[in-house]
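Whatever order the structure lists them in is the order used to number ligands and atoms, beginning at 1. Numbers for residues simply follow the sequence, beginning at 1.
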Amino acid sequence: MAHAVAAKPSYFDGDDVAKARGLYQLLGEDGTPLDEAALAKFETKEGRALARKMFEAMLRIRVTDARMIALQRQGRISFYGEAMGQEAAVVGSAAATKPDDWIVPALREAGVGLYRGMTLDSYISQIFGSATDPTKGRQMPCHPSDKEHHYVVMSSCVSTQVPHAVGIAMAMKIKGDKDRACFGYMGDGGTSEGDVHVSLNFAGVMKVPVVLICQNNQWAISTPGSGQTASETIAIKALAYGIEPLRADGNDVFAVYDAVSHAAEKARRGDGPTFIELLTYRVSAHSSSDDPTRYRDEKITEVWRHQRDPLRRAEVWLTHKGLLAKGEREALAETIEKDVREAIARAEAAGPPELGSMVEDVFEEPTWVLREQMAELEAQPRAKSPHVH
Ligand SMILES: Cc1ncc(C[n+]2csc(CCOP(=O)(O)OP(=O)(O)O)c2C)c(N)n1
Ligand SMILES: [Mg+2]
């Protein structure tokens, strides 16, 4: 039974400076509830289903990432970037999107695509660049896209996705789209790019329906947050552009969902942009090509890996509420692992795309130059790819 909770002022009712300096949290580091009133929405019938779904989605990222890193180490894929430690920021924000919205991700948001319905087969085929890859092996691994679910391919050039997101939101506004928003992601490092500031200015002036999300994982490859900005917080930068700043604990999936929902509903009502800083930590290396032991104190990483683990935090609450039974996490992880392994087997069995597909899709018919080059290429002995077995 719901018990009376003394009304306390909501974080969202604070002034913008307080929001930019604060940190919205619903669960403590050990999973204990900090705000029963705000958490009550996850205890209704739909709320409970959502809480479970978000936990499963976080676990899917954790399990998939571990498998992909293993494949990279075995030489079966060329490259991978994990989202370990950032699963709550990814999933909590994904859960606040609606099917009609558009998503313009940065490096760590593949889980947003998966949450929205991108299949594991599509995701994994795109990592292999196999014949089943909808983009025909033309992207680097970890640059997935999913047209059906409005998940735009990640742009490798840091922060170019931010003007893209603001531009899409501007198009929505011009077209008079109702009840729709665009979500643009970036990292902490990305906020030092000029693109972000130009975009924030434009979004503020034009009041476009955009939700800009910065996953502050405190590292940009080897550059720490202290080397990135002299600002008190990242969220506070939005104030200069007349944009509402929010700052939430990125390892608290419920706080992330609430903060991003607040921004999304505002955008869908036509009340303009929001900039959200999600404070988290990059527990993994930057990518499979990086060794963080060379530039950071991994004792700090261990604190984030264990004490501040976003999955454990949600798991404690879910278990306490009877939404997750003993041993269920392990059973779920096993099912996900099986699904991932099967999708890997299918992607590998499909082999690489047809050589001829290289010249498709640019011209209606490949030009004579392309046909000639293709004939020459086909006549060459084929070197075996180190990534195809
Ligand atoms: C314009 C540009 N500059 C540099 C790079 C190389 N680069 C790739 S990721 C990255 C760091 C990004 O850090 P951050 O924005 O914090 O995102 P994170 O990797 O932490 O998710 C850099 C410098 C790039 N891809 N594009
Ligand atoms: Mg970063």
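In this structure, Leu370 and Gln373 have side chains that are in contact, with non-hydrogen atoms separated by less than 4.5 Å. Counting heavy atoms from C-beta outward, Tyr151 and Pro105 have side chains that approach closer than 4.5 Å. Contact of the Phe128 side chain with the Ile344 side chain is registered, since non-hydrogen atoms from C-beta on lie closer than 4.5 Å.
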For the pair Asp65 and Arg108, evaluate salt bridge (Lys or Arg N to Asp or Glu O under 4.0 Å) and give the outcome as yes or no after the intermediate values. CA-CA 11 Å; Asp65 278 1; Arg108 317 231 175 244; over 6 Å; no
Assess whether side chain to side chain contact (heavy atoms under 4.5 Å, CB included) is satisfied between Leu212 and Val166, documenting all intermediate values. CA-CA 9 Å; Leu212 295 173; Val166 171; 4.3 Å; yes
Apply salt bridge (Lys or Arg N to Asp or Glu O under 4.0 Å) to residues Asp101 and Arg268 and explain how you reach the verdict. CA-CA 9 Å; Asp101 296 333; Arg268 293 192 195 105; 2.7 Å; yes
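Both the sub-6.0 Å distance and the 45° axial angle are not jointly satisfied by Lys266 relative to the ring of Phe12.
Taking the six-membered ring where the residue is Trp, Tyr24 and Tyr11 present tilted rings, their angle falling between 30° and 60°. Aromatic ring pairs are classed by plane angle as parallel below 30°, tilted from 30° to 60° and perpendicular above 60°; the pair Trp317 and Phe42 is perpendicular.
Protein N/O/S atoms closer than 2.8 Å to the Mg ion (ligand 2): Asp188 OD1, Asn217 OD1, Trp219 O.
Protein residues are said to neighbour a ligand when one of their heavy atoms lies under 4.0 Å from it; for ligand 1 these are Leu107, Arg108, Ser156, Cys157, Val158, Gly187, Asp188, Gly189, Gly190, Glu193, Asn217, Trp219, Ala220, Ile221, His286.
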